[in-house]
Q: 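Below is the structure I would like to discuss, written out as structure tokens.
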Amino acid sequence: MRPKPHLVRVISMTVVTRFAPSPTGFLHIGGARTALFNWLFTRHHGGKFLLRIEDTDRARSTDEAIAAILDGLSWLGLQWDGDVVYQFSRAARHAEVAHEMLRQGQAYRCYASPAELDAMREAQRAAHQPIRYDGRWRDRDPSEAPAGVAPVIRLRAPREGRTEIVDRVQGAVGVDNAQLDDMVLLRADGTPTYMLAVVVDDHDMGVTHVIRGDDHLNNAFRQLQIVRAMGWAEPVYAHIPLIHGADGAKLSKRHGALGVDAYRDMGLLPEALRNYLLRLGWGHGDDEIIPTAKAIEWFDLDGVGRSAARFDIAKLTNLNAHYLRETQDAELLPQVLPMLEKNLGAPLADDARARVAAGLAGVKARSRTLVELASSLAFYATAAVAPVDDKARALLTPEARTLLGGLATALDGKRTDWTEASLDAAVRAFAEAAGTKLGQVAQPLRVALTGSTVSPGIFEVLAILGPDLSLARLRAASG
RNA sequence: GUCCCCAUCGUCUAGUGGCCUAGGACACCAGCCUUUCACGUUGGGAACACGGGUUCGAACCCCGUUGGGGACGCCA
């Protein structure tokens with residue numbers, strides 16, 4: 001591991017970053033993290049976080065994907081500044097720059113056909129040669145141009161020397177220019193390639209810091225050549241490591257990556273996801289729980305690691321449980337109620353809503369996701385319950401049923417004093433009178449009331465359910 | 001194949017030459033708490049890929065090996 005170069009931060013410079021996804025699919029977890037780092041960096045430095053949709057590939061870009069990306073970012077709470085820039089709308093400006101480079105001799109026309117280039121690459125592959133454009137039109141006289149062939153415009157890249165960048169994450173990295181070929185800037189149809197469009201847009205948008213996945217590290221050299229050819233200011237680059245799947249390979253749309261909407265559907269909280277994503281590749285000492293406000297305060301590129309991280313849903317879930325417990329009931333309720341109604345297939349009556357609201361705190365402490373929360377809350381909303389599994393069923397032995405029958409009778413007398421405290425006392429007294437331990441009564445009682453062996457404190461459940469529902473369930477279980 | 005990057009417990013990481021018989025978190029196991037579960041809490045197993053240097057001293061610096069990843073398009 002090489003030491004990171006010490007860099008002087010220019011305080012007076014206003015930080016401008018951008019997140020530049022291509023709308024060819026949903027916003028996946030890797031893109032979400034890239035967006036998060038950009039957002040955090042700008043919020044920390046008080047700059048601007050811009051959003052640019054890289055839709056120059058007309059065949060693969062879709063409106064659905066654009067909507068999914070915008071939705072995903074919004075849900076994650078990563079608000080961009082200003083209007084969304086659609087790269088395709090700037091095609092004329094890209095072409096203008098390409099022609100400017102042509103005039104300056106920084107670029108040239110290439111008339112090689114795609115088939116010809118394919119053959120060239122095939123030959124290179126077969127000969128175990130590096131695969132790159134051989135510059136066949138670099139110094140050829142334009143008069144040799146074949147008739148009727150629309151040329152592309154290629155960069156006249158330097159062939160000697162090295163191109164080096166001082167990356168804020170990766171450190172000093174360089175390649176020999178001999179390794180870089182003359183890339184296409186403008187296609188035969190006059191549309192810009194990604195390499196050109198990115199550089200022109202970043203320049204025009206005033207982007208000062210390019211923070212993106214390190215799968216773009218190689219691109220940075222080529223983009224820098226365009227920047228230098230135009231004599232523009234060089235942005236600061238920061239290439240963050242990729243997120244890998246459990247198998248260690250790059251997470252991508254066709255390889256295990258889920259859209260952020262999938263995490264929302266799993267009942268995860270945006271804040272938890274932000275915290276988790278932040279810790280993937282970034283650290284601040286031993287801190288694990290890092291709410292967004294702290295993240296903004298602490299985040300900087302220096303803390304970004306250089307190795308890829310694997311996605312671990314277990315840790316994410318654990319973090320989610322933490323944030324779920326911290327979320328106020330009033331905030332959770334409107335999110336959980338619709339889920340509950342959807343699960344139950346019917347709207348909730350007022351009394352059911354009231355019970356859910358009252359029982360929320362107790363169930364929340366035992367849930368890790370909103371989905372778990374909604375499903376564990378169901379017994380408060382339904383009219384009757386049945387044992388959910390064998391373990392629960394097994395607790396309703398004949399002896400236990402007899403006990404529950406007796407308990408129903410005993411508790412019937414408490415209808416006018418139906419509080420957690422008096423219920424607690426009554427059940428304990430009943431257990432003692434029956435010559436058994438509390439647990440022997442409490443567990444069957446729990447199953448009778450909730451259908452499950454797992455629930456909040458049984459007296460709390462009794463109190464919230466109220467005498468009618470509680471006694472009805474007790475009698476149903478005993479009979 | 002060529003180029004670039006990476007390498008500490010199963011996973012995420014702390015660690016920037018002595019504070020390291022390597023710390024934290026998740027997961028796992030055991031105990032405590034308790035009406036269940038969860039929380040909480042106590043404890044446990046678990047890592048510096050390998051080989052050479054440099055140095056009084058190396059997880060940290062250098063070189064190599066191995067392993068992993070990424071990029072090599074008129075995709076982005």
Side-chain angles (χ1 to χ4, degrees), chain A residues 1-4 20-24 54-57 59-61 87 110 112-114 117-118 121 124-133 150-154 167 170-171 173-176 178-181 183-189 191 193-195 197-198 213-219 221 239 241-242 244 246 248-250 276 279-289 305-312 314-319 321-322 325 362-368 376 395 424 427-428 431 437-443 445-447 450 452-459:
Chain A
M1 208 211 265
R2 283 173 294 103
K4 288 184 191 178
S22 63
T24 55
E54 310 226 317
D55 54 353
T56 52
D57 184 344
R60 294 201 300 153
S61 298
Q87 191 161 61
C110 167
S113 70
L117 294 175
D118 280 348
R121 290 191 194 96
Q124 289 169 337
R125 224 184 305 273
H128 298 298
Q129 296 291 313
I131 295 156
R132 60 179 78 111
Y133 175 67
V152 299
I153 294 179
R154 286 183 183 271
D167 192 277
Q170 306 292 338
V173 191
V175 283
D176 290 331
Q179 300 294 332
L180 273 17
D181 61 9
M183 72 192 120
V184 173
L185 300 174
L186 207 63
R187 300 183 186 110
D189 66 1
T191 60
T193 60
Y194 161 77
M195 290 291 178
V198 165
D214 73 9
D215 49 343
H216 285 284
L217 185 54
N218 291 287
N219 292 336
F221 303 118
H239 290 92
L242 301 176
H244 287 174
K250 176 185 176 181
Y276 177 71
R279 288 286 293 107
L280 232 40
W282 181 86
H284 185 268
D286 283 339
D287 294 303
E288 297 287 348
I289 303 293
R306 289 210 279 240
S307 52
R310 297 190 189 203
F311 191 81
D312 180 14
K315 189 154 183 173
L316 206 204
T317 305
N318 172 274
L319 229 25
H322 169 83
R325 287 193 294 271
V363 175
K364 178 174 75 173
R366 296 165 172 76
S367 305
R368 297 178 302 172
S376 301
L395 273 165
D424 186 325
V427 175
R428 282 178 200 277
K437 287 194 290 186
L438 178 59
Q440 296 300 309
V441 177
Q443 274 308 84
L445 175 58
R446 188 184 311 282
V447 173
T450 70
S452 168
T453 55
V454 176
S455 85
I458 202 62
F459 306 120

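Being a predicted model, the structure only gives us computed values, none of them experimental. We name chains A, B, ... by the order of the sequence lines, and we start the count at 1 in each one. Values below: every heavy atom of this structure, side chains too, minus hydrogens, waters and symmetry copies.
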Q: Tell me: NE2 of His239(A) to P of rA76(B), nearest whole Å?
A: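 Rounded to whole Å, this separation is 17 Å.
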Q: Please list, chain by chain and in numerical order, all residues satisfying salt bridge (Lys or Arg N to Asp or Glu O under 4.0 Å) with Arg310(A), sequence neighbours excluded.
A: none
Q: Roughly how far apart, to the nearest Å, are rA58(B) and rC20(B) at atom C1'?
A: 11 Å
Q: Could you tell me how far apart Gln170(A) (CD) and rC3(B) (C1') are, to the nearest whole angstrom?
A: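 Atom CD in Gln170(A) sits about 15 Å away from atom C1' in rC3(B).
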Q: How would you list, by chain and number, every residue that makes a side-chain hydrogen bond (donor to acceptor under 3.5 Å, both in side chains) with Asp189(A), sequence neighbours excluded?
A: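 Residues passing side-chain hydrogen bond (donor to acceptor under 3.5 Å, both in side chains) with Asp189(A): Thr191(A).
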Q: Given Thr24(A) and Asp57(A), is the side chain to side chain contact (heavy atoms under 4.5 Å, CB included) satisfied, shown in steps?
A: CA-CA 9 Å; Thr24(A) 55; Asp57(A) 184 344; 5.5 Å; no
Q: Just name whichever nucleotide pairs with rC26(B), Watson-Crick or G-U, keeping both distances under 3.5 Å, else none.
A: rG10(B)
Q: For rA76(B), what is the paired nucleotide under Watson-Crick or G-U wobble rules, both distances under 3.5 Å?
A: none
Q: For nucleotides rC74(B) and rC50(B), find the distance between their P atoms and express it as a whole number of Å.
A: 43 Å
Q: For Gln443(A), enumerate each residue passing the side-chain hydrogen bond (donor to acceptor under 3.5 Å, both in side chains) test, keeping only those at least two apart in sequence or located in another chain.
A: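 Gln443(A) satisfies side-chain hydrogen bond (donor to acceptor under 3.5 Å, both in side chains) with Arg446(A) once adjacent residues are dropped.
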Q: Return the pairing partner of rC37(B) with a 3.5 Å limit on both distances, Watson-Crick or G-U wobble; otherwise return none.
A: none
Q: May I have the distance from Ile131(A) (atom CD1) to rG1(B) (atom P), rounded to whole angstrom?
A: 11 Å
Q: Going by purine N1 to pyrimidine N3 plus the second Watson-Crick contact, or the G-U wobble pair, all under 3.5 Å, which nucleotide sits opposite rC20(B)?
A: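 By the stated definition (distances under 3.5 Å), nothing pairs with rC20(B).
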Q: Both Thr193(A) and Arg132(A) contact RNA chain B. Which one's nearest nucleotide lies toward the 5' end?
A: Arg132(A)
Q: Could you tell me how far rC26(B) sits from rC39(B) if I compare only their P atoms? Round to whole Å.
A: 10 Å
Q: Atom CD of Gln179(A) and atom P of rU2(B): how far apart are they, to the nearest Å?
A: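 In whole Å, rU2(B) P and Gln179(A) CD are 10 Å from each other.
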Q: For Arg132(A), which residues count as a salt bridge (Lys or Arg N to Asp or Glu O under 4.0 Å) partner, sequence neighbours excluded?
A: none
Q: Taking only N and O in the side chain of Arg154(A), is any of them less than 4.0 Å away from OP1 or OP2 of rG73(B)?
A: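 Negative; the distance criterion is not met.
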Q: List for me each residue that meets salt bridge (Lys or Arg N to Asp or Glu O under 4.0 Å) alongside Arg368(A), sequence neighbours excluded, and say none if there are none.
A: Glu372(A)
Q: Checking base pairs now: Watson-Crick or wobble, both atom distances under 3.5 Å. What partners rC3(B)?
A: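 The base-pairing partner of rC3(B), which may sit in any strand shown, is rG70(B).
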Q: Using the test side-chain hydrogen bond (donor to acceptor under 3.5 Å, both in side chains), find all partners of Asp312(A) that sit at least two apart in sequence or belong to another chain.
A: none
Q: Kindly say whether, by distance alone, the side chain of Arg306(A) makes a donor-acceptor pair under 3.5 Å with the base of rC5(B)?
A: no
Q: Looking for any heavy atom pair under 4.0 Å, which part of the strands does Ala112(A) touch: base, sugar-phosphate only, or nothing?
A: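 Counting heavy atoms under 4.0 Å across all strands, the contact made by Ala112(A) includes a base.
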Q: State which residues pass side-chain hydrogen bond (donor to acceptor under 3.5 Å, both in side chains) with Asn219(A); sequence neighbours excluded, sorted by chain then number.
A: His216(A)
Q: Can you check the distance between rC33(B) and rA38(B), where both ends of the measurement are the P atom (answer in whole Å)?
A: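 My reading of the P atoms in rC33(B) and rA38(B) gives 15 Å.
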Q: List the protein contact pattern of nucleotides 22-40 of chain B with one symbol per nucleotide (5' to 3'): B for base contact, S for sugar-phosphate-only contact, - for none; contact means a heavy-atom distance under 4.0 Å.
A: -BBBSS-------BBBSS-
Q: Would you list the protein and nucleotides 41-50 of chain B atom pairs, both N or O, that sit under 3.5 Å from each other?
A:
none

Q: What is the distance, to the nearest angstrom, from the NE2 atom on His284(A) to the P atom on rG15(B)?
A: 10 Å
Q: Taking all atoms of both residues into account, what is the closest heavy-atom pair of Gly305(A) and Pro241(A), and its distance?
A: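 Between these two residues, the closest heavy atoms are O-CG, 3.1 Å.
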Q: Expressed as a whole number of Å, how far does the C1' atom of rG51(B) sit from that of rG15(B)?
A: 24 Å
Q: How many Å lie between CD on Gln129(A) and P on rU2(B), as a whole number?
A: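 Rounded to the whole Å, the gap is 10 Å.
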Q: Rounded off to whole Å, could you give me the CG-to-P distance for the Asn219(A) and rC5(B) pair?
A: 15 Å
Q: If we take the P atom in both rA27(B) and rG67(B), what is their distance in whole Å?
A: 34 Å
Q: What residues, two or more places apart in sequence or in another chain, satisfy salt bridge (Lys or Arg N to Asp or Glu O under 4.0 Å) together with Asp424(A)?
A: Arg428(A)
Q: Would you say rA76(B) has OP1 or OP2 under 4.0 Å from some side-chain N or O of Thr56(A)?
A: yes
Q: Do Ser61(A) and Pro23(A) have side chains that get closer than 4.5 Å, going by heavy atoms?
A: yes
Q: Write down the distance separating the C1' atoms in rG45(B) and rG1(B), rounded off to the nearest Å.
A: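 Those two atoms are separated by 44 Å.
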Q: Counting any heavy atom closer than 4.0 Å, what does Val152(A) reach on the DNA or RNA strands: base, sugar-phosphate only, or nothing?
A: base
Q: I'd like to check the side-chain contact (heavy atoms from CB on, under 4.5 Å) partners of Val198(A); sequence neighbours left out, ordered by chain and number.
A: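 In terms of side-chain contact (heavy atoms from CB on, under 4.5 Å), with neighbours along the sequence ignored, Val198(A) is linked to Arg18(A), Arg52(A), Glu54(A), Tyr194(A), Asp202(A), Arg212(A), Gln223(A).
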Q: When you measure from the side chain of Arg279(A) to the backbone N and O of Trp282(A), does any donor-acceptor pair fall under 3.5 Å?
A: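 Between the backbone of Trp282(A) and the side chain of Arg279(A) there is a qualifying donor-acceptor contact (under 3.5 Å).
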Q: Any side-chain to backbone donor/acceptor pair from Thr193(A) onto Val184(A)? Under 3.5 Å, distance only.
A: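 Answer holds: yes.
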Q: Which part of the nucleic acid, if any, lies within reach of Arg121(A) when heavy atoms closer than 4.0 Å are counted: base, sugar-phosphate only, or nothing?
A: sugar-phosphate
Q: Using atom P in both nucleotides, what's the gap between rA7(B) and rC62(B) to the nearest angstrom?
A: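 Roughly 12 Å separates the two P atoms.
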Q: Is there a Watson-Crick or G-U wobble partner for rC48(B) with both distances under 3.5 Å, and if so, which one is it?
A: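 When the pairing criteria are applied, nothing turns out to pair with rC48(B), so the answer is none.
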Q: Can you give me the N/O atom pairs linking the protein to nucleotides 68-70 of chain B at distances under 3.5 Å, or say none if there are none?
A:
residue: rG69(B); atom: O2'; partner: His244(A); partner atom: NE2; Å: 3.2
residue: rG70(B); atom: OP1; partner: Lys250(A); partner atom: N; Å: 3.3
residue: rG70(B); atom: N2; partner: Asn218(A); partner atom: ND2; Å: 3.3

Q: Can you tell me how far P of rC72(B) sits from CG of Leu180(A), to the nearest Å?
A: 12 Å
